[in-house]
2 protein chains.
Amino acid sequence: MQKQLHPNISVDCVIFGFDFEKLNVLLVERTYLHPETKEVIFSDYTLAGNHVYVDENLVDAAKRVLNNLTGLDNIYLEQFYAPEDPGRLLKKNDQLWLKKEGKNPEERVVSVCYFSLLNCKEVSIQKKDRNVDWHPISEIRNLGFDHDIILAQALKSLQVKLQNEPIGYEMLPLKFTLSQLQKLYEVVFDMEFDKRNFRKKVSKMKYLIQLDEKQKGVSHKPARYYIFSRDVYEKTKSDILNFSV
Amino acid sequence: MQKQLHPNISVDCVIFGFDFEKLNVLLVERTYLHPETKEVIFSDYTLAGNHVYVDENLVDAAKRVLNNLTGLDNIYLEQFYAPEDPGRLLKKNDQLWLKKEGKNPEERVVSVCYFSLLNCKEVSIQKKDRNVDWHPISEIRNLGFDHDIILAQALKSLQVKLQNEPIGYEMLPLKFTLSQLQKLYEVVFDMEFDKRNFRKKVSKMKYLIQLDEKQKGVSHKPARYYIFSRDVYEKTKSDILNFSV
DNA sequence: ACAAAAGTGTTTGTAATACACCCATGA
DNA sequence: TCATGGGTGTATTACAAACACTTTTGT
């Protein structure tokens, strides 16, 4: 008879942010100094995460992490993965770090992972004592713990979700231009689209509503603003599935 | 400072089975008898699940559940969800049941859920002392615990996955006919497809390979057998994504 | 000979792709 | 007047959808 597991539970959040140019992820710096000499032993980045409290809903724990970093509530959150490997925190640097943080490095931690979507320009990151910042997804590598794996899963889940639901609006301001929307799809899928074909495609989306208002103060022809209507979307969406492969 | 959670961890498995006619799910009967009078207080069904052992990979725990029920290894397994609500086991019947099973009904259990795919005709369910059996998905309701929610999520995940990857073959024998394949897609998506259009579509899938062998002993024109070639699939698949919505 | 499912083509509409120029604004 | 990004249309090709009859087998 094997012993049952009673691990610590945490949530890890892959916080995607779009800045109208590229897709970013919010990372927390992790710098480990030698206990005596204070020289830098290693320095890298991790995703944001936190432990789950007794009687706390998992998604509420993720909301807490988000609120802590941004001061915002009502951020789009989507659960996408739970790492499976019991050895996920056993790399040397991770063990050093956990010890330093006053945690038991031997203890297993089961994480449930969420991704969330933000517009970088509209949030101010609450740094507090931490060094937290946006990093372009194309430049991220060698994250701490198993966070490279989690991030790769998150991106794939975001792509699948964005392919099937209009969640891109979560990463844009209320009013946005079609070029901004196109750029968003381009950076998420890491592909370029033809402007005319893109506009033809989105013009079929009834829930994308053109405003009379235009950009101001730009040194080129001002673009029209659009808004996303969740209302129209909910009323007109169909559940038709289409196996493609 | 809130107290950190150290819950029990379990895996729940939504075991889908195709019997060439409908989509089924493997359920375990749960009958609670009055401790003295032995009259039936309630009787319902739950998904298969089990606790995770210390140092056990989560997916290995799910494999253990599967192996326990079917005697098989190497079954297709896909993690899809972790229920978030701390109150997921607090319904009256569930509490009675947990007590009867010698568990602490107050203890929080965090589950990670997997779905798996089988061909009903090719597995023999190892019942042991339990009443375990296939149930047509269209007839399943009022499962124990929060398993209705888990099942609904599983079906949606299966649909999304089947739409994007040729995993249907996991629910068919090695050799299958196109009508069987079509029926599989029909029961998963709960839609009917036109035979000619379906065949036109799958004829574009290079990894679907026609054999010379035909059905035998059927009282109608015998159908040709096909096999799925994972090899060809891996070599020819493209990652092109296509946002539709 | 009959019942049962297998197998097969054409037409029509809609969506995907490729491609190039003029427009409105601020500097 | 120039630089910048906004905005637009057409032709071609590929895929989706609708639809009915003949074939092969066992009984």
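Note that this is a predicted model, so its numbers are computed, not measured. Heavy-atom basis, side chains included; hydrogens, waters and symmetry copies ignored.
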Worksheet item: By salt bridge (Lys or Arg N to Asp or Glu O under 4.0 Å), which residues pair with B:Lys235, not counting sequence neighbours?
Response: B:Asp231
Fill in: Summary of salt bridge (charged side-chain N to carboxylate O under 4.0 Å, His left out) pairs that have at least one residue in residues 63-76 of chain B, sequence neighbours excluded
B:Glu56-B:Arg64, B:Asp60-B:Lys63
Worksheet item: In whole angstroms, how far is the C1' atom of D:dG5 from the CG atom of A:Asp194?
Response: 15 Å
Practice prompt. In whole angstrom, give the distance that lies between atom CG of B:Leu178 and atom C1' of C:dA6.
Written response: 10 Å
Worksheet entry | Student check: side-chain heavy atoms of B:Leu178 and B:Leu208 closer than 4.5 Å | yes
Fill in: Protein-nucleotide distance (B:Phe193, atom CZ; D:dA18, atom P), rounded to Å
12 Å
Response to the item:
Hits for ring pair (Phe, Tyr, Trp, His ring centres under 6.0 Å) against A:Tyr169, two or more places apart or cross-chain, chain-then-number order -> A:Phe176, A:Phe228
Discussion item. Without decimals, in angstroms, what is the distance between A:Phe176 CZ and D:dG6 P?
Written reply: 14 Å
Worksheet entry | Those residues of residues 212-224 of chain B lying under 4.0 Å from DNA chain C by at least one heavy atom | B:Ser219, B:His220, B:Lys221, B:Pro222, B:Ala223, B:Arg224
Fill in: Sequence-distant partners of A:Glu78, salt bridge (Lys or Arg N to Asp or Glu O under 4.0 Å), two or more places apart
A:Lys161
Worksheet item: Roughly, in whole Å, what's the span from CZ in A:Arg199 to C1' in C:dA18?
Response: 17 Å
Discussion item. Suppose the criterion is salt bridge (charged side-chain N to carboxylate O under 4.0 Å, His left out): which pairs have a residue in residues 203-212 of chain B, not counting sequence neighbours?
Written reply: B:Asp212-B:Arg224
Item to complete: Would you kindly give the CE-to-C1' distance between B:Met205 and D:dC15, to the nearest whole Å?
Response: 13 Å
Worksheet, complete the sentence: Sorted by chain and residue number, the side chain to side chain contact (heavy atoms under 4.5 Å, CB included) partners of B:Lys195 (sequence neighbours excluded) come out as B:Gln182, B:Arg199
Dump the pairs, protein N or O against N or O of nucleotides 20-22 of chain C, anything under 3.5 Å, distances to one decimal.
unit_1, atom_1, unit_2, atom_2, d
C:dA20, N1, A:Arg196, NH1, 3.3

Discussion item. Just the rounded figure in Å: distance from C1' of D:dG5 to CZ of A:Phe20.
Written reply: 15 Å
Fill in: Pairs touching residues 141-155 of chain B that satisfy salt bridge (charged side-chain N to carboxylate O under 4.0 Å, His left out), sequence neighbours left out
B:Arg88-B:Asp146
Worksheet entry | ring pair (Phe, Tyr, Trp, His ring centres under 6.0 Å) partners for A:Phe18, two or more places apart | A:Phe20
Worksheet entry | Length of the line joining B:Gln180:CD and C:dG7:P, which is rounded to integer Å | 11 Å
Fill in: Contact under 4.0 Å: A:Lys204 side-chain N or O vs C:dA16 OP1/OP2
yes
Discussion item. For residues 166-189 of chain B, which residue pairs pass the salt bridge (charged side-chain N to carboxylate O under 4.0 Å, His left out) check, not counting sequence neighbours?
Written reply: B:Glu170-B:Arg230, B:Lys175-B:Glu213
Using a cut-off of under 3.5 Å, enumerate the N/O to N/O pairs linking the protein to nucleotides 10-14 of chain D.
unit_1, atom_1, unit_2, atom_2, d
D:dT10, O4, A:Lys200, NZ, 2.7

Worksheet item: Can you name the closest pair of heavy atoms from B:Tyr233 and B:Asn164 and give their distance?
Response: OH-O, 4.3 Å
